[in-house]
Amino acid sequence: MKTLILVRHGKSSWDCPVDDMDRPLEERGIKEAHRVATELKAQNLKIDTVYASPASRALMTCMIFLRELKFPYGLFHCTNELYDFSGENVFQFVRQLNNSHSSVIIFGHNYAFTNVANKWGSIAIENVPTSGLVQLDFNVSDWKSIIKGVTVQTIFPKQLK
């Protein structure tokens with residue numbers, strides 16, 4: 001069994017005149033990321049490793065989750081492959097994960113995460129919102145074997161108000 005948890009970065013600020021990679025979270029994005037992370041923590045899921053896009057907003061969202069989950073930073077990795085907006089790099093990245101990892105969280109971007117959630121999940125999701133989480137389970141032992149899984153849960157900020 002393999003579990004993939006997708007977390008879209010929190011709401012980012014467009015107020016700063018910076019490159020896309022450097023856009024920070026806005027206050028709402030920070031608060032919503034904390035809410036979703038707290039909800040995930042309450043579930044006591046075992047997570048083997050965490051990966052994030054190198055974009056500031058994805059890294060900031062990831063750090064909020066790592067702190068909330070008290071996840072060891074040594075098991076966290078940043079990878080350019082998750083700075084993807086179509087999903088094609090995400091599909092390739094996940095299929096190349098080490099099979100010693102059964103449960104993985106990745107932090108990244110839309111449209112990529114909505115695409116992945118819809119292609120590999122069992123329910124249609126119109127849009128994974130900022131700070132939104134989608135958990136997909138796959139009845140396989142090898143990440144390369146992923147074709148279709150089950151959408152176990154979504155945790156979207158609006159659900160937590």
Side-chain angles (χ1 to χ4, degrees), residues 3-73 75-94 97 103-137 149-161:
T3 296
L4 177 65
I5 299 174
L6 308 167
V7 181
R8 182 178 171 196
H9 65 76
K11 179 77 174 149
S12 60
S13 172
W14 290 88
D15 294 339
C16 303
V18 295
D19 289 336
D20 184 68
M21 277 289 253
D22 297 324
R23 265 191 302 120
L25 293 179
E26 66 174 34
E27 186 176 344
R28 179 181 130 199
I30 294 167
K31 288 178 182 176
E32 289 178 345
H34 275 286
R35 272 194 222 117
V36 174
T38 299
E39 183 70 20
L40 183 62
K41 180 183 179 183
Q43 297 178 14
N44 253 351
L45 295 175
K46 181 186 180 307
I47 306 299
D48 296 317
T49 193
V50 173
Y51 294 91
S53 159
S56 293
R57 59 198 180 275
L59 285 173
M60 291 173 72
T61 304
C62 180
M63 289 300 119
I64 289 168
F65 273 73
L66 294 180
R67 286 186 194 110
E68 184 64 38
L69 298 172
K70 296 184 177 16
F71 191 83
Y73 293 105
L75 300 177
F76 157 73
H77 313 277
C78 184
T79 177
N80 288 328
E81 293 166 285
L82 295 178
Y83 187 66
D84 174 31
F85 302 97
S86 72
E88 291 310 310
N89 289 342
V90 175
F91 289 126
Q92 290 176 16
F93 175 79
V94 171
L97 287 169
S103 185
V104 176
I105 301 179
I106 61 175
F107 291 82
H109 309 273
N110 241 5
Y111 171 75
F113 279 12
T114 297
N115 188 15
V116 171
N118 284 320
K119 182 173 179 179
W120 282 347
S122 57
I123 63 170
I125 297 173
E126 185 177 329
N127 178 54
V128 176
T130 53
S131 297
L133 178 151
V134 178
Q135 179 181 339
L136 305 172
D137 282 358
V150 175
T151 305
V152 174
Q153 70 171 331
T154 60
I155 305 173
F156 295 164
K158 287 185 179 183
Q159 298 169 327
L160 303 176
K161 289 187 178 190

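This is a predicted model, so every value here is computed, not measured.
Counting heavy atoms from C-beta on, the side chains of D20 and R57 come closer than 4.5 Å. Under the 4.5 Å side-chain criterion, counting only non-hydrogen atoms from C-beta, L45 is in contact with I5. Proximity of N89 to L82: side-chain heavy atoms (C-beta onward) are nowhere separated by under 4.5 Å. Side chains of L69 and V50 form no contact here, defined as non-hydrogen atoms less than 4.5 Å apart. Within the 4.5 Å cutoff, side-chain heavy atoms of H34 are placed close to those of I30. Between W120 and V94 there is a side-chain heavy-atom pair separated by less than 4.5 Å. F65 has its side chain within reach of L133: a pair of non-hydrogen atoms, C-beta onward, lies under 4.5 Å apart. Here the side chains of K11 and S131 are not in contact, with every heavy-atom distance at 4.5 Å or above.
Across all their heavy atoms, T61 and A33 have their closest contact at CG2-CB, 4.1 Å. Considering every non-hydrogen atom in both S53 and L59, the closest pair reads O-CG, 3.4 Å. Between G87 and A112, the shortest heavy-atom distance links the atoms N-CB, 3.4 Å. Here the closest heavy-atom approach between residue I155 and residue V36 is recorded as CG2-CG1, 3.9 Å. Here the closest non-hydrogen pair linking M21 and P54 is CE-CG, 3.5 Å. Between G132 and F156, the closest heavy-atom pair is CA-CD2, 3.8 Å.
Checked against a 6.0 Å centroid threshold, the rings of Y83 and H109 count as neighbours.
A donor-acceptor pair under 3.5 Å links the side-chain atoms of D84 to the main chain of E88, judged by distance alone. In terms of modelled atom types and a separation under 3.5 Å, the side chain of T151 and the main chain of G121 share no donor-acceptor contact. Judged by distance alone, the side chain of N118 and the main-chain N or O of I125 form a donor-acceptor pair under 3.5 Å. The backbone N or O of K158 sits nowhere less than 3.5 Å from a side-chain atom of R35 that would complete a donor-acceptor pair. Looking at S56, its side chain never comes within 3.5 Å of a backbone N or O of R23 through a donor-acceptor pair. Checking side-chain atoms of T114 against main-chain N and O of N127 turns up no donor-acceptor pair under 3.5 Å. The main-chain N or O of T3 is never found under 3.5 Å from a side-chain atom of D137 such that the two would form a donor-acceptor pair. Within the 3.5 Å criterion, the main-chain N or O of V128 finds a donor-acceptor partner in the side chain of R8.
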Step-by-step side chain to side chain contact (heavy atoms under 4.5 Å, CB included) determination, V7 to L40
CA-CA 11 Å; V7 181; L40 183 62; 5.8 Å; no

Checking F113 against V134 for the side chain to side chain contact (heavy atoms under 4.5 Å, CB included) test, could you report, in this order, the C-alpha distance in whole Å, the side-chain angles of both residues, the deciding distance, and whether it holds?
CA-CA 9 Å; F113 279 12; V134 178; over 6 Å; no

Under the side-chain hydrogen bond (donor to acceptor under 3.5 Å, both in side chains) criterion, do Q153 and Q43 qualify, and how do the steps go?
CA-CA 11 Å; Q153 70 171 331; Q43 297 178 14; 2.7 Å; yes

Going through the checks in order, is the side chain to side chain contact (heavy atoms under 4.5 Å, CB included) test met by M63 and Y73?
CA-CA 9 Å; M63 289 300 119; Y73 293 105; 3.9 Å; yes

Would you sort out whether E81 and Y51 count as a side chain to side chain contact (heavy atoms under 4.5 Å, CB included), showing the intermediate values?
CA-CA 10 Å; E81 293 166 285; Y51 294 91; over 6 Å; no

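The distance from atom OG of S103 to atom CD1 of I47, rounded to the nearest 0.5 Å, is 3.5 Å. Atoms CG and CD1, from L97 and I106 in turn, are 7.5 Å apart once rounded to the nearest 0.5 Å. Note that CG of L160 and OG1 of T38 are 9.0 Å apart. Values are rounded to the nearest 0.5 Å. One distance of note links CD1 of I123 with CG of L136; it measures 9.0 Å at 0.5 Å rounding. In this structure, the separation between NZ on K119 and CG on N115 is 7.5 Å, given to the nearest 0.5 Å. Atom CE of residue M60 and atom NE2 of residue H9 lie 12.0 Å apart, to the nearest 0.5 angstrom.
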